[in-house]
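Encoded as structure tokens, the structure appears first; notes follow it.
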Amino acid sequence: IGTIRDKGYKLEDLEFIIDNSDGEKVYLRKLLTHSISVEFQGKTYDLTAKVELRRFVGYHPCVVESTLIGSEAYVSGSVVESVMNIHRVYSDGKENTDPIICELGVFLEPNDVDYVEIFGYKNNLTIIESSLKQGDTNYRSTDHEHVVCIRHNDFWNVRYNYFDINIKVIYDEAWYDDGILRCQFPNVEMTNISSAVPEVVFENSGTNEKGNYSVYWLNQRVTANVGELNLEATGIKQIVAYE
């Protein structure tokens, strides 16, 4: 045997079938054709293999074709309304085009008020940097069987020269998946996340076993935009500063 050459493959769509032998299962089908050439005793031979591929998609009647017709996203009140128009064809020949609507949450949320002690405080509280940090995710229930919504729980970290404050940055993403078509819902991007100049308010002063101290309240405002929607949250921290 001489040189063996791979001539590649092609996939062809076939009509779906309904298998009545086991509860009217519906299968989508493709035909895989793969060819090679082989040199043998001075001659070249072409060899072709054909395999039918099947994918189970449900029980008759079920979706066998699904097409995204159009989509849009816009701010409505305090959420993002995301809409996709899906055209579906079923195994019984019926067709429909429906708008699939998903409300995507997006907001800023401060962490609980907390407390910090600073020793050797020089009255020089300064923001070193602010940046978006990745948090965890969790699935959120929806009203549509083919829609999956994922909530991102990130946070905006404001790092000072003595401590940090975190503001939760929460937003949703959603996916449509009917077993035939899988696509992401459009969204409106959150932009311009920024930290305002911190507001430090003196409360009182005194002395304890640790020394002379002053008590302050820090208010750290963070803002962002989602289209024309303005988001805002204020992180609060009580500071006990020792000399």
Side-chain angles (χ1 to χ4, degrees), residues 1-73 80 82-102 104 132-154 171-191:
I1 296 178
T3 302
I4 300 176
R5 292 186 175 85
D6 189 335
K7 299 180 68 176
Y9 70 91
K10 65 178 180 178
L11 279 173
E12 300 174 76
D13 290 326
L14 300 176
E15 290 288 328
F16 71 88
I17 62 168
I18 301 173
D19 185 352
N20 295 310
S21 65
D22 187 17
E24 293 191 312
K25 288 183 176 180
V26 179
Y27 292 91
L28 298 184
R29 299 187 302 154
K30 289 183 181 289
L31 181 63
L32 171 66
T33 304
H34 201 141
S35 299
I36 63 172
S37 64
V38 179
E39 293 180 359
F40 181 70
Q41 294 183 348
K43 294 183 179 181
T44 299
Y45 298 89
D46 290 328
L47 302 175
T48 299
K50 294 187 177 184
V51 179
E52 183 182 302
L53 307 176
R54 293 186 179 185
R55 180 161 73 93
F56 171 67
V57 291
Y59 290 91
H60 179 70
C62 65
V63 178
V64 292
E65 293 180 31
S66 191
T67 306
L68 175 64
I69 303 300
S71 63
E72 63 174 336
V80 174
S82 186
V83 184
M84 294 200 303
N85 289 297
I86 308 293
H87 180 73
R88 290 184 291 265
V89 179
Y90 295 83
S91 55
D92 59 2
K94 294 180 180 178
E95 301 184 25
N96 61 30
T97 301
D98 291 324
I100 311 298
I101 302 172
C102 188
L104 303 176
L132 184 64
K133 305 291 186 181
Q134 185 174 357
D136 59 8
T137 59
N138 58 275
Y139 287 93
R140 197 166 64 82
S141 61
T142 68
D143 296 330
H144 198 286
E145 62 176 327
H146 298 313
V147 176
V148 175
C149 187
I150 302 171
R151 172 150 291 181
H152 294 262
N153 303 292
D154 294 344
Y171 61 96
D172 295 335
E173 68 171 282
W175 292 80
Y176 176 85
D177 187 352
D178 60 13
I180 307 297
L181 173 68
R182 186 176 190 271
C183 54
Q184 186 173 3
F185 279 81
N187 209 335
V188 179
E189 184 182 3
M190 183 184 296
T191 59

Quick one: closest heavy-atom pair of [X] and [Y], and the distance?
X: Val26; Y: Tyr59; answer: CG2-C, 4.1 Å
X: Asp46; Y: Ser37; answer: OD1-CB, 3.4 Å
X: Asn138; Y: Asn153; answer: OD1-ND2, 2.8 Å
X: Tyr90; Y: Asn96; answer: OH-ND2, 3.4 Å
X: Val147; Y: Thr142; answer: O-OG1, 3.0 Å
X: Lys133; Y: Asp154; answer: O-CB, 3.3 Å

Side-chain heavy atoms of [X] within contact of [Y], under 4.5 Å:
X: Val63; Y: Val57; result: no
X: Pro61; Y: Lys94; result: no
X: Leu68; Y: Ile86; result: yes
X: Ile101; Y: His144; result: no

| request: Might you work through the side-chain contact (heavy atoms from CB on, under 4.5 Å) test for Ile150 and Tyr139, ending with a clear yes or no? | output: CA-CA 5 Å; Ile150 302 171; Tyr139 287 93; 3.7 Å; yes

Check whether any side-chain N or O of [X] sits under 3.5 Å from a backbone N or O of [Y] as a donor-acceptor pair, and report yes or no.
X: Ser71; Y: Pro186; answer: no
X: Asp13; Y: Lys30; answer: no
X: Ser91; Y: Cys62; answer: yes
X: Arg29; Y: Arg54; answer: no

Rounded to the nearest 0.5 Å, what separation is found between the [atom1] atom of [X] and the [atom2] atom of [Y]?
X: Gln184; Y: Ser82; atom1: CD; atom2: OG; answer: 8.5 Å
X: Ile69; Y: Asp98; atom1: CD1; atom2: CG; answer: 11.5 Å
X: Leu11; Y: His34; atom1: CG; atom2: NE2; answer: 11.0 Å
X: Arg151; Y: Leu104; atom1: CZ; atom2: CG; answer: 9.5 Å
X: Lys50; Y: Lys10; atom1: NZ; atom2: NZ; answer: 7.0 Å
X: Leu28; Y: Leu53; atom1: CG; atom2: CG; answer: 11.5 Å

Verify the distance criterion only: is there a donor paired with an acceptor across the side chains of Thr137 and His152 at less than 3.5 Å? no

Residue [X] excluded, over 12 heavy atoms near [atom1] under 6.0 Å:
X: Asn20; atom1: CG; result: yes
X: Glu95; atom1: CD; result: yes
X: Glu189; atom1: CD; result: no

Between Arg88 and Asp178, is a side-chain contact (heavy atoms from CB on, under 4.5 Å) present by the stated rule, with each step listed?
-> CA-CA 10 Å; Arg88 290 184 291 265; Asp178 60 13; 3.9 Å; yes

Audit row: Glu65, His87, side-chain contact (heavy atoms from CB on, under 4.5 Å) steps and yes/no:
CA-CA 8 Å; Glu65 293 180 31; His87 180 73; over 6 Å; no

**Item:** Aromatic plane relationship, His146 with Tyr176 - under 30° parallel, 30 to 60° tilted, over 60° perpendicular
**Value:** perpendicular

* **Residues Phe56, Asp19; criterion side-chain contact (heavy atoms from CB on, under 4.5 Å); working and verdict** => CA-CA 10 Å; Phe56 171 67; Asp19 185 352; over 6 Å; no

